[in-house]
Amino acid sequence: MTWNCILERVAETKSTNDDLLARWRAGELIDPVARIAQKQTAGKGRAGRSWLANPEDSLCFSLAYPFRRNPAELSGLSLLVGLAVIAGIAGALEIPQSNLHQQGLRLKWPNDLLLNNAKLGGILIEGGQTKVGAPTWMIIGVGINLRNSAAIQTRLKNKNSLGVTSLDQLLPNGKTLPETELLWLKLLESFGQHLQEFDQKGFDVYRQQWMHWDAFQDTEVCITGSGNNPIIGIATGVDASGALLLLQENKTITIHAGDVSLRAKS
Ligand code: BTN
């Protein structure tokens, strides 16, 4: 790790995202802080869901990061974080990204990590700007299943339409995962590089790269949760802001990340 980030390790907390959000709201954040918990008792997922993880079998952390951009200019952040996670995994496992891609690692818009269409990890981003001109603090929460995906799947039972998988599935036979601490530090190193460049240049420079990892490129998908009827179309990639491009008959519409979820149309 070469960038300036405070590291905090706790055995147990309700949610690392909530811990850092509370500090942001209290105006206590000055430098970036990364907080990892062995166990979360009230881990949060997107759209009000809970995040279930077995303490020994998962990596759960949050990073509070101050952006110079205002919140409206951070629209592609969740996609960028997916790319940062992939680069961090490649570094930690010492497996080239091309090999990870070949093995079926993908990103699902806007912010899920999939391995052969099963959920490997998730990203939850919260935060904002307290006043004009102040940095925009974003709390980036990451949960990755490391091993024993069957145990996680059992606890989830129907709560998630996707199957669940784990990081150890990417390893060659006989190899074991590195220590969670090393994995975390590799991810943070990658976050430091990606977030700094994103703050300077925005999402557009990462657009093609994101589309390379897109799990649903040219697939018929269904978008739900926006409060309206489900939206169906062919996913054709993302635009310069990270919005999903959906082809419907002969027109393309854009879907902005919010409380929407995407699944392949059955
Ligand atoms: C999702 O896929 O719904 C997002 C899951 C995000 C889980 C992580 S674990 C660390 C951080 N703390 C939380 O309470 N949630 C995020």
Side-chain angles (χ1 to χ4, degrees), residues 5 7-25 29 32-65 77-86 88-89 105-115 117-127 137-149 152-153 155-167 180-181 183-185 187-188 190-191 195 213 215-216 223-225 257-263:
C5 180
L7 302 179
E8 296 181 354
R9 302 162 181 90
V10 292
E12 185 174 314
T13 188
K14 283 186 174 167
S15 154
T16 52
N17 259 41
D18 278 355
D19 293 344
L20 296 180
L21 268 175
R23 266 191 246 166
W24 165 62
R25 290 191 181 114
L29 293 176
V33 184
R35 184 172 173 86
I36 188 168
Q38 260 168 18
K39 181 177 176 186
Q40 293 188 120
T41 53
K44 299 189 303 181
R46 287 184 64 230
R49 288 186 289 266
S50 46
W51 178 256
L52 298 177
N54 294 332
E56 297 306 313
D57 300 331
S58 66
L59 171 69
C60 295
F61 74 95
S62 302
L63 168 66
Y65 190 91
L77 178 61
S78 61
L79 282 66
L80 177 275
V81 170
L83 293 174
V85 170
I86 288 178
I89 288 174
L105 187 64
R106 294 288 186 276
L107 294 171
K108 178 182 151 196
W109 186 92
N111 47 14
D112 278 344
L113 196 61
L114 304 187
L115 179 58
N117 288 322
K119 185 149 171 166
L120 176 62
I123 296 159
L124 173 68
I125 303 183
E126 304 175 277
W137 279 94
M138 298 309 280
I139 316 300
I140 301 167
V142 179
I144 299 178
N145 306 320
L146 299 181
R147 54 184 87 74
N148 271 332
S149 53
I152 304 168
Q153 180 87 63
R155 285 180 65 196
L156 281 174
K157 262 198 220 126
N158 300 332
K159 287 184 196 147
N160 192 334
S161 53
L162 283 174
V164 177
T165 190
S166 51
L167 197 64
T180 306
E181 172 80 8
L183 185 54
W184 182 46
L185 295 179
L187 286 170
L188 290 177
S190 170
F191 274 44
L195 297 179
W213 293 97
F216 290 94
I223 309 283
T224 52
D259 287 337
V260 295
S261 57
L262 171 155
R263 61 182 163 78

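Ligands are counted one by one from 1 in listed order, and the atoms in each one are counted from 1 as well.
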Check: Leu183 and Leu146 side chains under 4.5 Å, non-hydrogen atoms: yes
Atoms of ligand 1, numbered as shown, that sit under 4.0 Å from any heavy atom of Gly45: 1 (C), 3 (O), 4 (C), 5 (C)
N or O pair under 3.5 Å between Trp51 and ligand 1: no
Ligand 1 versus Asp112: contacting region, heavy-atom distance under 4.0 Å: side chain
Nearest-neighbour protein heavy atom for atom 15 (N) of ligand 1, which is reported as residue plus atom name and distance: Lys44 O, 2.7 Å
For the student: nearest non-hydrogen atoms of Leu120 and Leu167, plus distance: CD1-N, 3.2 Å
Test item, Lys14 contacting ligand 1 (heavy atom, 4.0 angstrom): no
Which residue and heavy atom of the protein sit nearest atom 2 (O) of ligand 1, plus the separation: Lys119 NZ, 2.6 Å
Test item: Ser190 side-chain N/O and Ala84 main-chain N/O as donor-acceptor pair under 3.5 Å: yes
Sidechain-backbone polar pair: Ser149 side chain, Thr165 backbone, donor-acceptor under 3.5 Å: no
Thr16: numbered ligand 1 atoms lying under 4.0 Å from its heavy atoms: 10 (C), 11 (C), 12 (N)
Considering all heavy atoms, the nearest Phe191-Leu63 contact: CD2-CD2, 3.5 Å
Close-contact set for ligand 1 against Ile123 heavy atoms, below 4.0 Å: 4 (C)
Proximal atoms of ligand 1 relative to Arg46 (non-hydrogen, under 4.0 Å): 1 (C), 3 (O), 4 (C)
Exercise: identify the closest heavy-atom pair between Met138 and Gly127: SD-C, 4.0 Å
Polar atom proximity, Gln40 to ligand 1 (N or O, under 3.5 Å): yes
Ligand 1 contact on Arg49 by region, counting heavy-atom pairs under 4.0 Å: neither
Flag side-chain contact, heavy atom, 4.5 Å: Leu105 against Leu114: no
Test item: Arg106 side-chain N/O and Phe216 main-chain N/O as donor-acceptor pair under 3.5 Å: no
Over all atoms of both residues, closest heavy-atom pair of Ser58 and Ala53: OG-CB, 3.3 Å
Atoms of ligand 1, numbered as shown, that sit under 4.0 Å from any heavy atom of Gly43: 14 (O)
Which of the ligand 1 atoms, numbered from 1, are nearer than 4.0 Å to a heavy atom of Ser62: 11 (C), 12 (N)
